[in-house]
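Down below is the structure, laid out as structure tokens.
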There are 2 protein chains.
Amino acid sequence: MLVLEAMERFEHTFSLSDLETEADTLDKSSIFRSLTLFAEHHLLHVIEDGSGATKYCLCHNDHACRIEELHCHFHCEVCGKTFCLDDVHIPVIHYPAGYEVREINYLVKGRCPDCRSKR
Amino acid sequence: MLVLEAMERFEHTFSLSDLETEADTLDKSSIFRSLTLFAEHHLLHVIEDGSGATKYCLCHNDHACRIEELHCHFHCEVCGKTFCLDDVHIPVIHYPAGYEVREINYLVKGRCPDCRSKR
DNA sequence: CGGTAATTTGCAATCGGGTTGCAATTGCGG
DNA sequence: CCGCAATTGCAACCCGATTGCAAATTACCG
């Protein structure tokens with residue numbers, strides 16, 4: 001419950017260590033186990049943005065986890081933040097036969113509006 | 001040069017530790033530094049497939065690094081291999097204004113043909 | 001060639017995120 | 001209040017990535 005509350009205080013995505021500082025009465029391992037649990041039950045998106053730390057964010061719509069409705073994520077290389085681009089849906093693509101698709105990650109990297117406006 | 005030769009012996013993608021065993025006269029750090037160098041000069045794709053280890057593969061066409069022509073990668077959750085789906089091009093998408101796109105990663109996970117045919 | 005500077009290498013150490021074993025604590029039904 | 005199950009904290013560990021540094025190699029200039 002504490003982990004959930006801490007998660008809800010984040011506007012965008014967050015990492016395990018973000019949660020550690022946000023919910024500082026809890027131990028890293030407890031938070032980790034909660035995250036794992038939530039992710040298994042599809043309450044969380046798990047995002048690998050190549051920053052080294054896995055990012056998470058709360059699923060705000062029920063069907064966000066079905067493949068057809070996956071949206072993409074944007075990782076800012078300047079400030080390191082990662083955003084859910086909720087409105088950008090991943091187009092369906094024709095894959096070579098033989099591959100069984102279970103999950104799609106669409107990650108865009110670059111500079112976010114904030115970092116572009118500064119300098 | 002030794003690193004380059006070792007890389008060319010891989011059919012698909014490879015990790016740092018793959019190269020370590022392939023080019024066993026070289027130290028991990030030397031290989032790492034070469035990879036970094038190659039990547040900076042866009043001779044390599046760098047692929048994060050969520051397996052924990054960064055994967056690489058040689059760029060086989062000159063323009064593979066321009067955004068419009070990026071292809072996607074497939075990570076098999078059974079055998080752990082990662083493939084370049086050279087023929088699947090990432091479609092151009094309309095992004096929200098304000099984001100500056102520098103790089104796109106399109107990663108599909110699932111089961112590869114090999115692992116599907118076995119059992 | 002010789003000699004010095006620049007580069008590259010190997011080794012070991014370190015970092016950091018993730019993960020786990022285990023003992024201590026807490027929750028809860030009876 | 002007792003006892004069992006679930007949760008938690010702590011510390012240790014794993015593993016890939018990364019770096020500092022000294023030694024070895026290479027490049028280059030006279």
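Only heavy atoms go into these numbers, but all of them, side chains included; no hydrogens, no water, no symmetry mates. Naming convention: chains lettered A, B, ... in sequence-line order (proteins, then strands); numbering from 1 in each chain. Remember, it's a predicted structure, so these values are computed and weren't measured experimentally.
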How close or far is atom C1' of D:dT8 from atom CD of A:E20, stated in whole angstroms?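 That distance rounds to 14 Å.
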Rounded to the nearest Å, what distance is computed from the CG atom of residue B:D18 to the C1' atom of nucleotide D:dG16?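 Atom CG in B:D18 sits about 13 Å away from atom C1' in D:dG16.
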Please work out which residues in residues 25-37 of chain A have a non-hydrogen atom less than 4.0 Å from an atom of DNA chain C and list them by number. A:K28, A:S29, A:F32, A:R33
For chain B and DNA chain C, what are the first and last nucleotides along the strand, 5' to 3', with at least one atom under 4.0 angstrom from a heavy atom of the protein chain? C:dT9 to C:dC11
Could you tell me whether the side chains of A:T82 and A:H73 share a donor-acceptor contact shorter than 3.5 Å? no
Under a 3.5 Å threshold, yes or no: a donor from one side chain and an acceptor from the other, between A:S15 and A:D18?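 A pair is found: one side chain offers a donor N or O, the other an acceptor, under 3.5 Å apart.
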Lys/Arg N to Asp/Glu carboxylate O, [X] vs [Y], below 4.0 Å:
| X | Y | answer |
| --- | --- | --- |
| B:K109 | B:E48 | no |
| B:E77 | A:R102 | yes |
| A:E22 | A:R9 | yes |

Is there a path of hydrophobic side-chain contacts, each under 4.5 Å between heavy atoms of I, L, V, M, F, W or Y residues, that connects B:I47 with B:F10?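 Per the 4.5 Å side-chain linkage, B:I47 and B:F10 are not co-clustered.
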Side-chain heavy-atom pair A:L85, B:P96 within 4.5 angstrom cut-off: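 Yes - at least one pair of side-chain heavy atoms lies under 4.5 Å apart.
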By the 4.0 Å heavy-atom rule, please label B:T54 as base, sugar-phosphate, or nothing. sugar-phosphate
Residues A:G80 and A:H75: closest non-hydrogen pair is O-CE1, 3.3 Å
